[in-house]
A.B. asks: 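Take this structure, written in structure tokens, and hold onto it; I'll ask about it next.
Computed from a predicted structure; not experimentally measured. In this chain, residues are counted from 1 in sequence order.
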Amino acid sequence: MNTTSTTLSFDWHGRADALAIDGRAFIDGGRAAASTGLVRRTISPIDGRVLAELAACGLADVDRAVAAARRAFPSWSRSGAEKRKGLLLALANLMELNADELALLETLDSGKPILQTTTVDVPGAISTLRWYAEAIDKQSGEMPAVPPGATALVTREPLGVVAAIVPWNFPLEIAVWKLAPALASGNTVVLKPAEQTSLSVLRLAELATEAGLPDGVLNIITGTGREVGAALAHHMDVDALAFTGSTAVSRTLLEASGRSNLKRLSLEAGGKSSNIVFSDTADLPKAAAKAAFGAFYNQGQVCSANSRILVQRDIHEEFATLLADAAVGYRAADPLAGLAGNGALISSAHTNDVEGWIRRGRTEGEVLFGGERLEIQGSDAYLEPTLLGSLPADHDVHRDEIFGPVAVLHAFDSEEEAVRLANATDYGLAASVWTSNLSRGHRVAGELLAGTVSVNTVDALGNTTPFGGFKQSGFGRDLSLHAFDNYTAPKTTWIQFD
């Protein structure tokens with residue numbers, strides 16, 4: 001079946017208009033209003049429509065959710081890998097049956113195109129959940145060498161109650177990156193979605209109960225970071241906290257862990273990733289197409305976006321032209337029309353911030369293409385993909401995370417200069433390298449301070465490879481078997497028999 005043509009022919013506007021959305025939290029197996037009764041409206045950046053009234057949860061609601069997770073932990077952790085595998089696979093099947101609804105909620109909430117949520121976000125979340133469900137009963141312990149007369153067993157034990165705080169750019173996918181390995185390894189979870197994008201994970205929790213997950217195993221608390229996020233970070237009965245978001249917030253979580261119970265942290269923080277294009281690249285049009293994807297996909301709202309494009313000087317002008325041509329494919333359009341391209345940014349306020357960076361680039365350097373703000377469906381949360389140039393390497397545009405469809409182009413002369421420029425940032429999440437020289441590819445990849453280096457592609461990731469960063473991009477890893485390290489600890493049982 002041609003997914004693109006199906007998406008184009010579907011009346012997503014009509015389905016959105018008919019959608020009834022429950023904005024209550026999900027605690028101990030069912031929907032729950034905030035203890036105060038307070039709500040707040042959640043607004044779609046697509047057209048400004050009110051989507052739902054979300055429960056404005058606070059400390060009392062966090063306490064209820066954590067208590068429910070704590071009650072559920074003993075039986076869930078002892079249920080066995082095979083049982084947990086079956087329940088998580090049942091959840092994945094229900095997600096697949098309800099994929100269109102999940103995709104529509106994701107699009108309405110975040111502004112990303114329905115073509116993206118139906119073909120990437122929701123299928124990706126389902127794939128990740130299945131991968132961890134299938135992985136958990138293949139994990140085994142150790143029997144290390146010990147002196148004669150004894151046997152030692154090393155097992156991986158779940159930590160207990162895991163809090164997860166996830167961002168608004170990939171709400172469902174990143175939520176599953178956290179909860180899949182946490183649940184599979186026997187933990188219970190209290191998840192706080194971003195206040196802008198809570199709807200898909202609330203529906204996920206309903207499906208989890210339908211799949212048979214016991215009450216309290218998965219809880220969703222809606223609310224602000226200042227209230228709900230801070231309450232989870234300081235909670236004395238939360239054993240671990242997994243976070244994706246900014247470096248600034250990561251610092252507050254480190255402090256909260258130290259001031260509370262030293263809860264285990266895994267932090268995937270900010271990024272300012274480079275894409276290095278050498279003049280010996282075999283296929284420059286392909287490199288330009290991938291560079292446009294790496295910089296502008298998802299409206300540029302990607303923590304690992306390759307927004308610093310470093311190009312060897314003798315191909316600089318040619319590459320800039322190719323990149324401008326490739327960027328046409330990321331022009332903004334109505335997210336519910338089923339078209340390729342970009343959708344809305346997360347809000348008009350965030351668009352204001354990104355537009356401010358473009359103004360600075362125009363004043364202090366030049367706009368090579370794009371730079372205009374658009375109005376679609378009555379919303380002004382849309383921007384053209386934008387390339388800035390003629391800015392010094394130490395300019396803030398090269399250093400700060402803009403989180404929008406804005407990239408900067410910069411020329412370099414030597415391999416050593418390219419590596420130095422790429423590493424001249426506080427972050428170390430990702431990087432890309434384009435070259436036809438295998439030795440150079442290995443050599444440069446080894447010198448780049450980044451958690452993932454993509455050679456002759458951009459922003460490569462998958463369920464089998466770890467994702468995370470160095471320096472101020474945080475620590476801990478999502479995806480792959482390494483993610484189990486975030487939610488388990490080794491336990492030694494020493495048996496002396498002689």
A.B. asks: Taking the side chain as every heavy atom from C-beta outward, state whether Val217 and Leu87 have any atom pair closer than 4.5 Å.
C.D. replies: no
A.B. asks: What are the two closest non-hydrogen atoms of Asn486 and Leu159, and how far apart are they?
C.D. replies: O-CD1, 3.5 Å
A.B. asks: Between Ile46 and Thr107, which heavy-atom pair has the shortest distance, and what is it?
C.D. replies: CD1-O, 3.4 Å
A.B. asks: Where do Ala34 and Ala56 come nearest, in terms of heavy atoms and distance?
C.D. replies: CB-O, 3.5 Å
A.B. asks: What are the two closest non-hydrogen atoms of Ala69 and Thr188, and how far apart are they?
C.D. replies: O-OG1, 2.9 Å
A.B. asks: Angle class for the Tyr297/Phe170 ring planes (parallel below 30°, perpendicular above 60°, tilted otherwise)?
C.D. replies: parallel
A.B. asks: Side chains of Asp109 and Ser200: any donor to acceptor distance under 3.5 Å?
C.D. replies: no
A.B. asks: Are Pro113 and Asn342 close enough that some pair of their side-chain heavy atoms sits under 4.5 Å apart?
C.D. replies: no
A.B. asks: Taking Thr128 for the side chain and Ala125 for the main chain, is one N or O donor matched with an acceptor at less than 3.5 Å?
C.D. replies: no
A.B. asks: Where do Asp215 and Arg71 land on the salt bridge (charged side-chain N to carboxylate O under 4.0 Å, His left out) test, with the steps shown first?
C.D. replies: CA-CA 9 Å; Asp215 295 351; Arg71 286 192 302 272; over 6 Å; no
A.B. asks: Quick one: does any side-chain atom of Ser127 pair with a main-chain N or O of Gly124 as donor and acceptor, under 3.5 Å?
C.D. replies: no
A.B. asks: Would you say the side chain of Thr247 lies within less than 4.5 Å of the side chain of Asp426, judging by non-hydrogen atoms?
C.D. replies: no
A.B. asks: When you check the gap from the basic side-chain N to the acidic O, do Asp17 and Arg49 get nearer than 4.0 Å?
C.D. replies: yes
A.B. asks: Considering non-hydrogen atoms only, spot the tightest contact between Pro466 and His482 and give its length.
C.D. replies: CG-CD2, 3.9 Å
A.B. asks: Could you check whether any side-chain N or O of Arg41 sits under 3.5 Å from a backbone N or O of Val50, counting only pairs where one atom can act as donor and the other as acceptor?
C.D. replies: no
A.B. asks: Any heavy-atom pair between the side chains of Ile346 and Asn169 that's under 4.5 Å?
C.D. replies: no
A.B. asks: Checking Thr222 side chain against Ala55 main chain: does a donor-acceptor pair fall under 3.5 Å?
C.D. replies: yes
A.B. asks: Please check if the distance between the ring centroids of Phe467 and Trp177 is under 6.0 Å.
C.D. replies: yes
A.B. asks: Closest approach of Phe470 and Arg477, non-hydrogen atoms and distance?
C.D. replies: CE2-NH2, 3.2 Å
A.B. asks: Only pairs at least two apart or in different chains count here, so list each side chain to side chain donor-acceptor pair (under 3.5 Å) that has a residue in residues 488-498.
C.D. replies: Arg156-Thr488, Trp494-Gln496
A.B. asks: Who pairs with Arg203 by salt bridge (Lys or Arg N to Asp or Glu O under 4.0 Å), at least two apart in sequence or on another chain?
C.D. replies: Glu101, Glu206
A.B. asks: Quick one about Thr244 and Lys178 (side-chain donor to acceptor, distance below 3.5 Å, no hydrogens or angles considered), yes or no?
C.D. replies: yes
A.B. asks: Could you tell me whether the side chain of Asn306 and the main chain of Ser273 form a donor-acceptor pair under 3.5 Å?
C.D. replies: no
A.B. asks: Ignoring hydrogens and angles, tell me if any N or O in the side chain of Asn187 forms a donor-acceptor pair with the backbone of Ala182 under 3.5 Å.
C.D. replies: yes
A.B. asks: Measuring only between side-chain heavy atoms, which start at C-beta, is Lys138 closer than 4.5 Å to Lys85?
C.D. replies: yes
A.B. asks: Determine, step by step, whether Glu255 and Arg259 satisfy the salt bridge (charged side-chain N to carboxylate O under 4.0 Å, His left out) criterion, reporting the C-alpha distance in whole Å, the side-chain angles of both residues, the deciding distance to 0.1 Å, and the verdict.
C.D. replies: CA-CA 6 Å; Glu255 182 178 359; Arg259 289 183 178 276; 3.1 Å; yes
A.B. asks: Report yes if some heavy atom in the side chain of Leu183 is under 4.5 Å from a heavy atom in the side chain of Tyr487; otherwise report no.
C.D. replies: no
A.B. asks: Is it the case that the side chain of Asn298 and the backbone of Phe296 share a donor-acceptor pair, with hydrogens and angles ignored and the cut-off at 3.5 Å?
C.D. replies: no
A.B. asks: With the threshold set at 4.0 Å, does a side-chain nitrogen-carboxylate oxygen contact exist between Asp239 and Arg70?
C.D. replies: yes
A.B. asks: Please check: side-chain N/O of Asp121 versus main-chain N/O of Glu173, any donor-acceptor pairing under 3.5 Å?
C.D. replies: no
A.B. asks: Do Val162 and Leu241 have side chains that get closer than 4.5 Å, going by heavy atoms?
C.D. replies: no
A.B. asks: Would a 4.5 Å heavy-atom cut-off, applied to side chains only, mark Thr465 and Thr452 as touching?
C.D. replies: no
A.B. asks: For Arg84 and Ala184, indicate whether the former's side chain and the latter's backbone hold a donor-acceptor pair under 3.5 Å.
C.D. replies: yes
